[in-house]
Amino acid sequence: MPNIPTDSCDATRITRGDRTLLSFGGCNYLGLAHHPRVIRAVQQAAEVYGLSSSASRETTGNARPHAQLEDELTRFCRHERGLLVPDGYTANLAALQGLEHLGIRHALIDTRAHASLKDAARLGGLRIQFFDHLDAGHGAHLIQDLDAPCVIMTDSVFTTDGDLAPAHQLLGILREQDWLLLDDCHGFAVLGEQGRGMPDAIGLRSDRLIVTTTLAKGLGCAGGIVMGASEPIESARSHSIAYRCTTPASPALVAGGLESLRILQQDTEIHQKLTRNIRQTRELLRTLEIEAHDHDSAIFAFVLGDIERMERIEAALEQRGVLLPLMDYPNGPAPKYFRLAINASHSSEQIAHFGQIFREVLAMISKKEPVSA
Ligand SMILES: Cc1ncc(COP(=O)(O)O)c(C=O)c1O
């Protein structure tokens, strides 16, 4: 059964039928999906371009907002070249189809990487091996036996629990013709200077690095982008079927993304607020004796006993007006786990209110197993 549909929402509240809940789900990290300037930009662009550009960017479907966002986002993230594609899923596939043309035959993938990276490697016809989660040493062991160039693929910030990939170590094990592809869907807009992403946060720069991200999370619109040095990006542009034979995201939504990017650059407070909220949430979880990571990713994942106990906790929170999603999502830390996502629009009072309700619920629901991360 799919989830109950949402009838309306803003960045922190979600209404389903006659119930409005304080929400800690989704990935609208900067709250920009609901920013009035962004909504206005979408409305104005819809008047100018209609809702769909109705053709591939390589034929007649390349509207001005597509080209502008591609350029401005690439410059913001300090890459040489970028390619705007329909979504984050397609970004990984387009990147790999470009690399395949450059002679890549193998993929080494973190076992807990996002499913879109695994699909991209499969559809790209690469020979796939998995290295243990976050274990660059295991990757180094596997890479030495490969008979052709490879791409190492991983989330930069893991979707399910906010862990950070050992990106410097992974870059360090590449051979001359190999590449590192980082999916930064959960790092972009969250980490780095003004949200430039996880590679920026850790000072990772290389001609062998390709970064993909979605625009549906941090920028609150739709689309995806592949960024890196000219060679792999031009190869994706010239040879990727996923890019060449698909219609880009709606020009109106992309115009909204462009406005989001401009807000992010002009209003430094939004990104700082996100970081403060992440830190407040971390401290709150720790006071509840729930383990929480030390870095500034906006995702916290935890298991609270067995599934039956977690379902009771989820239901009790919901009865008290709080949505804390209990996830069943591929490659998570457990078959079911809580995934708390914080965003810049949560007020400090909302976070404190959640903490109070969560404490009451945890005290009420008997512990069958110890609380663990
Ligand atoms: C790590 C990661 N990569 C790729 C995607 C796909 O992005 P999109 O939803 O824009 O297709 C997602 C999530 O949706 C994701 O979490």
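We count ligands from 1, going down the list as the structure has it; atoms in each ligand are counted the same way. No experiment lies behind these values; they were computed from the predicted model shown.
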## Note on the structure
Among non-hydrogen protein atoms, atom 16 (O) of ligand 1 lies closest to His186 NE2, 2.7 Å
### Message
Using heavy atoms and a 4.0 Å limit, tell me yes or no: is Ser116 in contact with ligand 1?
### Response
yes
### Query
In the protein, what heavy atom is nearest to atom 6 (C) of ligand 1, and what distance, to one decimal place, separates them?
Tyr89 N, 3.5 Å
### Contact atoms of ligand 1, heavy-atom distance to Thr159 under 4.0 Å
1 (C), 16 (O)
### Message
side chain to side chain contact (heavy atoms under 4.5 Å, CB included) for Arg175 and Leu146? Distances and angles first, verdict last.
### Response
CA-CA 10 Å; Arg175 301 162 305 167; Leu146 300 182; 3.9 Å; yes
#### Entry: atom 8 (P) of ligand 1 - nearest protein heavy atom and its distance
Gly88 N, 3.4 Å
### Task
Give the atoms of ligand 1, by number and element, whose distance to some non-hydrogen atom of Lys217 is under 4.0 Å.
12 (C), 13 (C), 14 (O), 16 (O)
### Query
Does one side chain, of His114 or Tyr329, offer a donor that lies under 3.5 Å from an acceptor on the other?
yes
### Query
Can you tell me which residue and heavy atom of the protein come closest to atom 9 (O) of ligand 1, and the distance to 0.1 Å?
Thr214 OG1, 4.4 Å
### Query
Is there a donor-acceptor pair under 3.5 Å between the side chain of Asp200 and the backbone N or O of Glu193?
yes
### Option among Asp155, Asp135, Asp161 that satisfies the salt bridge (Lys or Arg N to Asp or Glu O under 4.0 Å) test with Arg112
Asp161
#### Entry: ligand 1 atoms in contact with Asp183 (distance to a heavy atom under 4.0 Å)
1 (C), 2 (C), 3 (N), 4 (C)
### Summary
Ranked by distance from atom 5 (C) of ligand 1, the top protein heavy atom is His114 CE1, 3.6 Å
### Query
Around Asp119, counting heavy atoms of other residues, nucleotides and ligands shown, do more than 12 lie under 6.0 Å from its CG?
yes
### Query
At what distance, to the nearest 0.5 angstrom, does CD1 of Ile210 lie from CD1 of Ile152?
12.0 Å
#### Entry: Polar contact flag, side-chain donor to acceptor under 3.5 angstrom, Asp184-Ser156
yes
